[in-house]
Each structure stands twice: as C-alpha cells, then as structure tokens.
Amino acid sequence: MARLMVRGGEPLRGSIRINGAKNAVLPMMAAAVLTRSECVIRDVPDIRDVRVMIEILKDLGVSVQLGEIDGRRRLSLKAESIRTDVVNAELMKKMRSSVLLFGPLLARLGSARMTYPGGCAIGPRPVDMHLDGFAAMGATVNERGGQVTAAAGRGRLSGAEIHLEYPSVGATENIMMAAARADGVTRIWNPAREPEVANLAAFLQALGAEIEGIGSDVITVRGSGQLGGAECGVIPDRIEAGTYAIAGVITGGELTLENVRPEHLRAFVAKMKEVGAGICVGRDRIHVRGPERPGAADVRTLPYPGYPTDLQNQYLALSCVGEGTSVVTESIFENRFKVAAELTKMGASIHTEGRLAVVKGVDRLCGASVEADDDLRGGASLVLAGLRAEGTTVVRGAEYIDRGYMNLAERLRSLGANVVAMG
Ligand code: UD1
C-alpha cells in the first residue's frame with residue numbers, strides 16, 4: 001500500500017499549472033470507440049484512471065499511442081476495428097468511468113456487455129439512468145448476476161426522447177455518445193451542465209456529430225451513421241485547481257493557479273471568499289491568499305454550477321480549522337463523509353448524520369496515521385489536513401489519490417510543502 005508522509009506547518013507559496021481534467025478526458029477516451037478514424041486528445045493528465053482506461057481500450061482492440069509535444073501529453077486513439085463487445089471485468093472493477101464505454105460500444109457494435117463498475121466507495125452509484133436511456137433508444141437491456149448486456153434491435157440504436165430524473169453527469173455523457181451514432185434525433189431533457197459534458201460535446205462535434213443545447217435544459221443530438229477523426233484539447237481540471245487552492249488557504253500561504261477556467265470555479269471561489277481567503281481572478285489564472293485562520297461557512301454540494309461534490313471533502317478538511325461552526329451538506333452522493341472519521345483522528349471535531357456534517361473548527365490539528373480508504377477526494381483532503389497539522393501525518397492507501405492527481409507529492413513539494421511518497 002502506498003503512503004504519503006506529510007509534515008505540516010509550511011505555508012505554500014508559488015505557482016502551479018493545472019492539468020487536464022480527469023472527468024473530461026475519460027469520456028473523451030471512451031468516445032474514440034465511436035469512430036474508425038484517429039482521435040487525438042491533447043493535455044492528457046498522467047493519472048491512474050487514464051492508465052486504466054488505456055488498458056481497457058487496448059483490450060477492446062483500440063490502437064493507442066501516447067506522446068508529448070512541448071511538454072503537453074497527447075493521446076492518439078484509433079478504433080479501426082473492435083475485438084469484442086465486453087468491457088474487461090477486472091479492469092472495470094478498477095474504475096467506475098469504464099461504464100462510459102457502454103454507450104459507445106452499443107452504438108458502434110449493436111451490443112455491449114459489462115459487469116457493474118467499480119470506483120470510489122461513496123455510495124451505491126447505480127447506472128439505471130444510463131440503461132433506461134439505452135432501452136428508450138431501442139436496446140434490449142438485461143441485468144443478471146452483476147452482469148449487464150444490451151443489444152440494439154437490428155444492430156442500430158434509434159433516436160429517442162429521454163428525460164433524466166436527475167442531471168447525472170455519466171448518464172448524460174453515455175447517452176449523448178450513443179446518440180451521436182444512432183439513427184434519428186435524441187433529446188436529453190434535464191441533462192447535466194458540467195463543463196466536462198461541454199468538453200465531450202465539443203469533441204463529438206469535432207468528430208462530426210450534430211449537438212445543440214449544451215448547458216441548457218435539453219440537449220439535442222442528430223445521429224449520424226459515420227463519424228470521422230478529430231483532435232481536441234482537454235479543459236483544465238477544476239477539481240485539481242480547487243484542491244491546490246485549498247492547500248494554499250489551509251496553510252495560510254499564497255498561490256497562483258495557472259491554466260484554469262475561472263468561470264468553471266465560481267461557486268468554489270465564492271466559498272473561498274466567504275471563509276476570508278484573498279482571491280484575485282484573472283483570465284486564465286487565480287491568485288489565492290490564505291488568512292491566518294479561515295472563517296466558518298456552510299456548504300451544500302449541488303450539480304453544476306453549484307458547489308461541486310468533488311471538492312466537498314477538501315472543504316471539510318478546511319472547515320476543521322475554521323473559526324466557528326460549519327455545516328456541510330452532501331446532496332449528490334449518499335456516503336461521502338467517510339473521511340470524517342480519519343480527520344477526527346487528527347483532532348477535528350466533526351459530527352455526521354446522513355448527508356450532513358457539522359464541523360466545529362479547532363485551532364490546531366495534530367499529525368496522525370490515517371487511511372485514504374478507497375476514496376480519491378477523501379485521500380486528498382487528508383493530505384490537505386496534514387499540511388496544516390502539527391507534526392507528521394501518514395496517509396495510507398495513497399494509490400487512490402493517484403487515480404485523479406498527477407504527482408501530488410512532487411507538485412506540493414514544488415510549492416514548499418514537506419510531502420514524501422513512500423512505497
Ligand atoms: C461524475 C464524476 C464524479 C462526480 C459526479 C458528480 C466522472 C468520471 N465522474 O460521476 O467525479 O463526483 O459526476 O459531479 O465524471 N445516479 C443514479 N443513477 C444513474 C446515475 C447516477 O442514481 O444512472 C446517482 C448516483 O448514484 C449519484 C448521483 O446520481 O448519487 C450523481 O451521479 P452522476 O452525476 O451520474 O455522477 P458520475 O457520472 O458517476
């Protein structure tokens with residue numbers, strides 16, 4: 001098990017360039033299955049989830065090449081022929097986003113099979129809305145013994161009117177990808193509005209798909225039998241940006257985040273201002289200055305443009321040292337306060353009940369041995385708490401953090417933090 005050793009107390013200073021977004025690159029990689037032509041994706045982050053997706057794509061028969069131009073990673077994918085309609089079960093367990101291959105495979109081959117996806121242990125995370133969408137498009141979907149199979153009538157999906165009960169990011173993306181190669185028009189009502197959905201749509205449009213209404217109440221996709229090749233960049237990772245911003249604020253330091261889209265971080269920036277951080281927003285950068293001790297503020301996670309659930313655990317770490325009581329409400333996932341028990345070992349005072357966490361800020365945290373426990377963002381929040389704590393914090397299970405953060409220890413060290421990766 002990998003560990004990160006964090007010695008707290010150093011205010012972070014300097015500049016950090018934000019990488020391409022994990023949650024944008026993964027669906028774009030899945031979309032490459034829709035076409036026989038070459039797809040090139042720029043600004044691909046070197047994180048474990050991307051490596052797992054590469055393995056899954058290779059297993060399907062996709063030819064994959066990774067290169068670098070001017071320090072920016074480029075991934076070339078060519079799915080000239082696809083070997084199988086089964087997503088590898090072992091690899092599927094490693095990453096929930098592998099479910100995003102289901103729509104593209106079904107649309108391209110007329111059938112798809114998978115086991116239930118893995119990923120972070122933050123609640124049941126069903127995929128019923130994805131499957132209902134494919135059924136509405138004419139697929140026969142069967143679920144038995146942890147296996148899902150789907151087959152399109154006469155090998156082709158048909159456009160449909162699909163109303164999502166909830167604006168699920170994954171369901172919107174999966175259905176949008178399938179619709180791009182279906183016959184006829186698909187309308188997705190109540191879709192997700194996350195910037196990563198827009199990035200995927202831009203990629204699909206570059207492949208030749210006709211898509212309208214991104215960011216609105218309804219996305220319209222006019223399907224086409226053939227899609228071509230394209231090259232597309234990945235947007236900067238707003239969650240990585242927010243995590244570094246909190247690293248700056250929690251240590252009372254001063255950081256410049258470069259290569260960000262401030263318009264994707266409005267709810268987060270508002271919250272940082274509320275706790276007393278000095279924030280200066282530029283065109284593609286944000287400067288953050290931490291107060292000596294942050295104030296308290298309540299947070300409620302919501303679909304975009306609300307405060308992101310993927311920055312909830314990091315905020316929880318910050319509120320542990322806030323001056324006063326903060327109430328954090330998690331409205332997206334059922335079980336996303338697992339990290340509270342670990343933060344408590346560091347001296348935090350957190351009371352959780354269902355989707356609520358009441359945090360009474362303390363004036364100091366103490367280093368402890370804690371566990372990331374299968375939880376990417378929870379693991380990151382333990383590192384953040386460790387940066388503020390007195391003494392040494394050892395975060396076990398740090399391999400989960402690698403799922404979504406590129407070289408976290410090294411990058412934090414470049415800002416003056418005392419963080420070492422061990423084993
Ligand atoms: C994506 C992100 C994840 C982020 C989440 C919410 C990726 C790779 N992952 O996950 O980092 O935390 O959006 O912003 O982009 N749900 C159902 N049925 C479904 C689909 C979802 O009940 O068919 C529920 C889930 O259990 C969850 C909620 O809807 O409680 C949100 O899920 P969704 O928006 O689909 O998140 P993901 O796409 O899994």
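In this text, all values refer to a predicted model and were calculated from it rather than measured experimentally.
For the pair Arg193 and Asp217, the salt-bridge criterion is met [side-chain N within less than 4.0 Å of a carboxylate O]. With respect to the salt-bridge test (charged N to carboxylate O, under 4.0 angstrom), the residues Glu390 and Arg364 qualify. Arg336 and Asp310 are joined by a salt bridge, as a carboxylate oxygen and a charged side-chain nitrogen come within less than 4.0 angstrom of each other. Note on Asp46 versus Arg51: salt bridge recorded, some NZ/NE/NH1/NH2 to OD/OE distance being below 4.0 Å. Note on Lys93 versus Glu90: salt bridge recorded, some NZ/NE/NH1/NH2 to OD/OE distance being below 4.0 Å. In summary, Arg83 and Asp59 engage in a salt bridge, as defined by a charged side-chain N under 4.0 Å from a carboxylate O. Salt bridge Arg17/Glu258: absent, no basic N to carboxylate O contact under 4.0 Å.
The closest donor-acceptor contact from the side chain of Thr256 to the backbone of His287 lies at 3.5 Å or more, if one exists at all. Under the 3.5 Å distance criterion, the side-chain polar atoms of Arg293 are matched with a main-chain donor or acceptor of Gly322. In terms of modelled atom types and a separation under 3.5 Å, the side chain of Arg377 and the main chain of Asn313 share no donor-acceptor contact. The main-chain N or O of Thr329 is never found under 3.5 Å from a side-chain atom of Arg300 such that the two would form a donor-acceptor pair.
Val249 has its side chain within reach of Pro291: a pair of non-hydrogen atoms, C-beta onward, lies under 4.5 Å apart. Taking the side chain as every heavy atom from C-beta outward, Ile401 and Leu382 never approach each other to under 4.5 Å. Put simply, the side chain of Glu254 does not reach to within 4.5 Å of the side chain of Pro11, judged on heavy atoms. Contact annotation: the side chain of Phe203 never approaches that of Pro27 to less than 4.5 Å [non-hydrogen atoms, C-beta and beyond]. Put simply, the side chain of Tyr304 does not reach to within 4.5 Å of the side chain of Val197, judged on heavy atoms. A 4.5 Å side-chain heavy-atom check between Leu204 and Leu207 finds at least one atom pair inside the cut-off. Looking at heavy atoms from C-beta onward, Leu66 lies in side-chain contact with Ile54 at the 4.5 angstrom threshold. Considering only heavy atoms from C-beta on, Met92 comes within 4.5 Å of Val99 through its side chain.
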Exercise for the section: Just do the side-chain contact (heavy atoms from CB on, under 4.5 Å) check on Leu105 and Leu60 with the steps written out, would you? Expected result: CA-CA 10 Å; Leu105 280 176; Leu60 291 171; 4.3 Å; yes
Practice task
Decide yes or no on salt bridge (Lys or Arg N to Asp or Glu O under 4.0 Å) for Glu410 and Arg413, but give the supporting numbers first.
Solution key: CA-CA 5 Å; Glu410 191 185 318; Arg413 271 204 304 280; 5.2 Å; no
Problem - side-chain contact (heavy atoms from CB on, under 4.5 Å) between Glu165 and Asp128, intermediate numbers included - result: CA-CA 10 Å; Glu165 225 168 85; Asp128 55 317; 5.7 Å; no
Problem - Residue pair Leu384, Leu318: steps toward the side-chain contact (heavy atoms from CB on, under 4.5 Å) verdict - result: CA-CA 8 Å; Leu384 295 174; Leu318 181 67; over 6 Å; no
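Between Phe268 and Tyr307, the ring planes lie tilted relative to each other; the angle falls in the 30° to 60° range.
Heavy-atom minimum distance, Gly103 versus Asn174: N-OD1, 2.9 Å. Residues Ala340 and Thr352 share a closest heavy-atom pair of CB-CG2, 3.9 Å. Between Thr149 and Phe102, the shortest heavy-atom contact is C-CZ, 4.3 Å. Of all non-hydrogen atoms in Leu157 and Ala139, the two that sit nearest each other are CD2-CB, 3.9 Å. Thr35 and Gly229 get closest at one heavy-atom pair: OG1-N, 4.4 Å. What you find for Glu38 and Ser76 is that their closest heavy atoms are OE2-OG, 2.7 Å.
Between Leu200 atom CG and Glu194 atom CD the span is 12.5 Å, to the nearest 0.5 Å. Rounding to the nearest 0.5 Å gives a distance of 10.5 Å between CG of Asn199 and CD1 of Ile214. Between the NZ atom of Lys338 and the CG atom of Leu343 there is a distance of 13.0 Å, given to the nearest 0.5 Å. Taken to the nearest 0.5 Å, the CZ atom of Arg13 stands 10.5 Å off from the CZ atom of Arg289. Between Asn259 atom CG and Arg285 atom CZ the span is 10.0 Å, to the nearest 0.5 Å.
More than 12 heavy atoms of other residues, nucleotides or ligands lie within 6.0 Å of CD in Glu399, so this atom counts as buried by the packing criterion. Remark: Gln65 CD is loosely packed, at most 12 non-hydrogen atoms of other residues, nucleotides or ligands lying under 6.0 Å away. Residue Arg7 places its CZ atom among 12 or fewer non-hydrogen atoms of other residues, nucleotides or ligands, all under 6.0 Å distant. The environment of NZ in Lys345 is crowded: more than 12 heavy-atom neighbours from other residues, nucleotides or ligands sit within 6.0 Å. By the 6.0 Å contact criterion, CD on Glu292 is open, its count of non-hydrogen atoms from other residues, nucleotides or ligands being 12 or less. By the neighbour-count criterion of 12 heavy atoms within 6.0 Å, atom CZ of Arg355 is densely surrounded, having more than that number from other residues, nucleotides or ligands.
Using modelled atom types, one finds a donor on one side chain and an acceptor on the other under 3.5 Å when comparing Thr309 with Glu330.
Residues satisfying the side-chain hydrogen bond (donor to acceptor under 3.5 Å, both in side chains) criterion with Thr84, sequence neighbours excluded, are absent altogether.
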Name the atoms and distances for all side-chain donor-acceptor pairs under 3.5 Å in residues 235-243, with sequence neighbours left out.
| residue | atom | partner | partner atom | Å |
| --- | --- | --- | --- | --- |
| Asp237 | OD1 | Ile239 | N | 2.9 |
| Asp237 | OD1 | Glu240 | N | 3.0 |
| Asp237 | OD2 | Lys22 | N | 3.1 |
| Arg238 | NE | Glu196 | OE1 | 3.4 |
| Arg238 | NE | Glu196 | OE2 | 2.8 |
| Arg238 | NH2 | Glu196 | OE1 | 2.9 |
| Glu240 | OE1 | Asn19 | N | 2.7 |
| Glu240 | OE2 | Asn19 | ND2 | 2.9 |
| Glu240 | OE2 | Arg411 | NH2 | 3.2 |
| Thr243 | OG1 | Ile239 | O | 2.7 |
| Thr243 | OG1 | Gln314 | NE2 | 3.2 |
| Thr243 | OG1 | Tyr405 | OH | 2.7 |

